[in-house]
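Keep in mind it's a predicted model, so treat the numbers as computed, not measured. Any value given below was found using the heavy atoms of this structure, including those in side chains, with hydrogens, waters and symmetry copies removed.
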Amino acid sequence: MGLFEGVSFYIAEKTVKDAGELKNALVKGGGQREFYPSELVSHVISDSLPPPSLGLARCSTCPILHSDWVFMSCRCGVLLPTAPFSLREDKLFSGLVFCPSKLPLADTEKLACLVFYYGGRLQLRLDAAVTHLVTMDTNGAKYEAAVRHGVKVVAPDWLIDSIETGVLVEEEEYHPRLRGRGDHTHQSPQKASQCNGDVQESTDESPGHTTGGQTRTTADQTVPETATAGMVDREMRGEDGERKERMDGEEEMEVEGGVLESAPVITREDENMARSVGGGGEEGERLLAGLVFHLTGYLECMDVDTLSKWKEVIVQHGGSVVDMYDSAHCTHLLALHKKSDTFAKAYADGKCISSAHWLNDVLTDGRMFPPRCALHFPTAFKWQVPGADKYSVTLTNYSGRERELVKDMIHLTGIPYTGHLSRDTTYLICKSPSGNKYEKAVEWGVTVVNASFLADIIHNGQVPAVLFPRHTEVGQPHEFLPSHCFEASRLLRPWEEFLRLYSEAHRACLDHTTTDLVFRSLRKRVGAELGGVVKKQRVEEGAGPPVVLLTGISQSISRRLRETVQQLGGVVSDRPRDCTHLVAPRVARTVKFLSGVSVCRWVLTPDWIEQCEREGRLVSEEGFTLRDPDAEAMFMMDIPSSLQRARTSEFLQGYWLHATASVQPSPESLRDIIECAGGRLVSSSEAQGRFGRKFERMAGSEVQFLVLSTPEDLCSGLCTLFTSHGVPVYNAELVLTGALRQQVDLSQNLLFPAATSGMNSGPANTSSCSTTSGPSTNEE
């Protein structure tokens, strides 16, 4: 049963930004779309109250819901209650915009839920839209700006008490000065630990922040010593009732940009990128000249203002940003993670791929270099490492930039971090075997590892089940690089050619009069040479990680196989044309299988992935080619021969096809199969534009035009335009069976043969149909 089974929805499209994606999510989940407001509608989806002109009075009893109801239900896997997403109700915090400052991460998450549930909005950027700054601290840039511009400043208690009373209480009584830190007694970590019956070490490092949970980092947060910190004072107490200490020794940073949920970019990065604007002189302004970037993954978890700032920085350094990935123009992809179709496509196209951390470091250093540490690569996980909250880490003996780098890596994984060491700490990230923390960790049996432990987590997407010497031998060089660089080394391959071209272009720019011409040439050469030579090397030499397409496999097994591929450095994609490996238990006439046969280098059984898992590496594909004797006999084909034909030529190259309405699979599904095979699916008007209104230009054309239809559509007159001018009509088996065999047999599957005496010989005989025009009387 689908997630939205029983939901009849109407989308107020003018108020919704991503109406297409919204519709697909609802329909895929079993929802029924209604095209007009009526009493049949059970849910109206709109991002703002629609105007009366839409006629929603006819469905006045159904809820009007924000589109977040759909997307969050999909993310959670359950149908969420409608009340928090309703636009009809005047809620307690309706019209209010909150901005948190210097609150613990756990508190910020709870604050966001409360604000959203009661109709408000929470953002990390302090701007003119903000009505309330929520903080317990009267220091920092946000607090000073809020006071200067008349923004109301309240402690978190104000929200709790307003909710409990059902009305907005007076803000003045909840100013953080009246409820601030002075009300609480500060203790050293040593004293606090004694209160809890545990021994915790006070170190020379700044005392603790705890981060993690379901988000990786947020702007200007300090996180309390206890991982169970609550929303307000009464929730921030231990089992013994004593107040836990909030540790504020470490400097916090006020950042104007940022996001609440799953922010991928460390706050220093926003700050550094902001400093880069306008800096660097003439050479800095040319640092990114000729480069065209596309960003993927970041828009899902960042606010638009922060992304606009990033784009501004890129443009001011000579680069440009495109909103849609285009292989012909993009030179670089900035990817948060590898879990996107765009990543798979850019990888297959041989583009230079990195994370935004790389761009930040390039702009900070003022020179071009390839990705050189784990943070410079997209992560193997989308939001955080699975099971991250089961662990806790702290660090010691790192300083300066290295210390920041380690903390950024911890934040990126989502594993909770504390500034102190306790018996409950899972891992100590250690630079050298010395100091109080190291000695206590050895005494208490806390596992001591180096930074390569974190690098491998970022690269592989999981906490290592077994620790190797490379993880436990502290003081290792190159500890910030992943240990297993199967994919990392191949991600770096396009960079070698790019850096050569980049260096040539910048040397040529010593003559400033030719700067624009040189950089235009650089952009073209990078696009052509990286997208051509590198891609060709990958296809011909089998270089790069496998891009795997799974089909015909149960959901539970598919999930496990997908995780195995990703852990071993491969990529899993649902776009056949981007894939190199098709994995299926048997020959299946699914869209994925029929498309994949045309484009994938290998068609394998799931046993290949199982063997990879057993050996802990990507093994050779030899011996795992799919064979299905019964299906191969039925369709008179065999997989190896079909793959050999597909490598030689595309079996629908030079064909234009038109599909009528009743064809199964649907025309949209056929489009993927046809285009992967080199053909083109067109509308009747597109065909007439190419071949003439009477298809008089078909004779002698290098492109052959065919129609796919059904007997019902043929008899109902939907094919009259084509049959009257001698265009041959076939059933869909021409493409479906053709995809399995990787060859077209025009002598089979004919519904209506082409005229033999010329393309304009007049209508052919259609007496076999009950009617030759108009709708069929038997149509259901």
Side-chain angles (χ1 to χ4, degrees), residues 2-4 19-33 341 344-345 547-555 558 572-579 581-600 603 626 631 634-635 637 642 646 650-653 655-687 705-714 716 718-719 722 729-745 748-749 751 779-780:
L3 185 61
F4 299 107
E21 183 180 357
L22 185 65
K23 180 192 71 174
N24 291 338
L26 285 161
V27 172
K28 186 176 180 181
Q32 175 66 43
R33 184 183 182 186
D341 290 340
K345 176 65 174 171
V547 183
V548 178
L549 177 69
L550 302 172
T551 186
I553 304 172
S554 69
Q555 187 174 2
S558 177
V572 180
S573 174
D574 291 325
R575 286 171 51 91
R577 67 192 68 189
D578 298 334
C579 296
H581 293 59
L582 172 63
V583 175
R586 65 189 65 85
V587 171
R589 282 159 57 95
T590 63
V591 173
K592 286 183 179 180
F593 192 97
L594 297 174
S595 302
V597 172
S598 297
V599 295
C600 292
V603 178
L626 172 65
M634 179 186 299
F635 297 110
M637 48 79 68
S642 296
E650 297 172 308
F651 83 94
L652 286 180
Q653 182 67 42
Y655 285 89
W656 279 27
L657 298 99
H658 171 75
T660 58
S662 298
V663 171
Q664 292 297 325
S666 68
E668 278 308 306
S669 297
L670 279 172
R671 182 184 302 278
D672 289 336
I673 302 172
I674 291 169
E675 291 182 353
C676 285
R680 182 173 174 184
L681 187 68
V682 298
S683 65
S684 57
S685 58
E686 286 179 292
F705 179 56
L706 308 174
V707 174
L708 303 179
S709 189
T710 63
E712 292 78 15
D713 284 354
L714 185 66
S716 67
L718 291 179
C719 299
F722 310 109
V729 180
Y730 291 83
N731 66 33
E733 287 299 325
L734 179 77
V735 171
L736 305 183
T737 304
L740 291 175
R741 298 173 181 171
Q742 285 297 299
Q743 58 186 7
V744 179
D745 186 353
Q748 301 292 321
N749 305 304
L751 287 179
E779 184 177 358
E780 296 181 0

Shortest non-hydrogen contact from [X] toward [Y]:
X: Ser669; Y: Val591; value: CB-CG2, 3.7 Å
X: Pro667; Y: Ala661; value: CD-O, 4.4 Å
X: Ala646; Y: Ser598; value: CB-O, 3.8 Å
X: Val729; Y: Ser709; value: CG1-CB, 3.6 Å

Could you pull out all residues at least two apart from Phe4 that satisfy ring-ring contact (aromatic ring centres under 6.0 Å, His included)?
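Result, ring-ring contact (aromatic ring centres under 6.0 Å, His included) vs Phe4: Trp69.
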Criterion side-chain hydrogen bond (donor to acceptor under 3.5 Å, both in side chains) on Ser662 and Thr710, from CA distance to verdict
CA-CA 7 Å; Ser662 298; Thr710 63; 4.6 Å; no
Assess whether a salt bridge exists between Glu675 and Arg577, defined as any Lys/Arg side-chain N lying under 4.0 Å from an Asp/Glu carboxylate O.
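Arg577 and Glu675: salt-bridged.
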Hey, are Glu21 and Lys28 close enough for a salt bridge, meaning a charged N less than 4.0 Å from a carboxylate O?
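A salt bridge is absent here (no side-chain N lies under 4.0 Å from a carboxylate O).
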Are any of the side-chain heavy atoms of [X] and [Y] separated by less than 4.5 Å?
X: Gln742; Y: Val597; result: yes
X: Glu733; Y: Leu736; result: yes
X: Ser642; Y: Met637; result: yes
X: Phe593; Y: Leu740; result: yes
X: Tyr655; Y: Leu706; result: yes
X: Val548; Y: Cys579; result: no

So which of Val587, Val583, Leu549, Leu626 actually passes side chain to side chain contact (heavy atoms under 4.5 Å, CB included) with Val603?
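Per the side chain to side chain contact (heavy atoms under 4.5 Å, CB included) rule, the option paired with Val603 is Leu626, out of Val587, Val583, Leu549, Leu626.
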[X]: which residues meet the salt bridge (charged side-chain N to carboxylate O under 4.0 Å, His left out) condition with it, sequence neighbours left out?
X: Glu650; answer: none
X: Arg741; answer: none
X: Asp578; answer: Arg575
X: Asp574; answer: Arg562, Lys592

Measure from the side-chain N and O atoms of Ser558 to the backbone N and O of Ser554, and report whether any donor-acceptor pair falls under 3.5 Å.
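No; zero donor-acceptor contacts below 3.5 Å.
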Show your working on side chain to side chain contact (heavy atoms under 4.5 Å, CB included) between Leu708 and Thr660 and close with a plain yes or no.
CA-CA 6 Å; Leu708 303 179; Thr660 58; over 6 Å; no
Atom [atom1] of [X] and atom [atom2] of [Y]: how far apart are they, to the nearest 0.5 Å?
X: Ile674; Y: Arg680; atom1: CD1; atom2: CZ; value: 12.0 Å
X: Gln743; Y: Leu652; atom1: CD; atom2: CG; value: 11.5 Å
X: Leu670; Y: Glu668; atom1: CG; atom2: CD; value: 9.5 Å
X: Asn731; Y: Asp713; atom1: CG; atom2: CG; value: 12.0 Å
X: Ile553; Y: Arg586; atom1: CD1; atom2: CZ; value: 9.0 Å

Dump the intermediate steps for side chain to side chain contact (heavy atoms under 4.5 Å, CB included) on Leu657 and Val707, then the final yes or no.
CA-CA 6 Å; Leu657 298 99; Val707 174; over 6 Å; no
Which residue pairs pass the salt bridge (charged side-chain N to carboxylate O under 4.0 Å, His left out) test with at least one member in residues 656-666, sequence neighbours excluded?
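Applying salt bridge (charged side-chain N to carboxylate O under 4.0 Å, His left out) to every pair that reaches into residues 656-666, excluding sequence neighbours, yields nothing.
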Applying side chain to side chain contact (heavy atoms under 4.5 Å, CB included), run through Phe705 and Phe722 and close with a yes or a no.
CA-CA 10 Å; Phe705 179 56; Phe722 310 109; 3.9 Å; yes
Could you please spell out the steps behind the side chain to side chain contact (heavy atoms under 4.5 Å, CB included) verdict for Thr737 and Arg589?
CA-CA 9 Å; Thr737 304; Arg589 282 159 57 95; 3.8 Å; yes
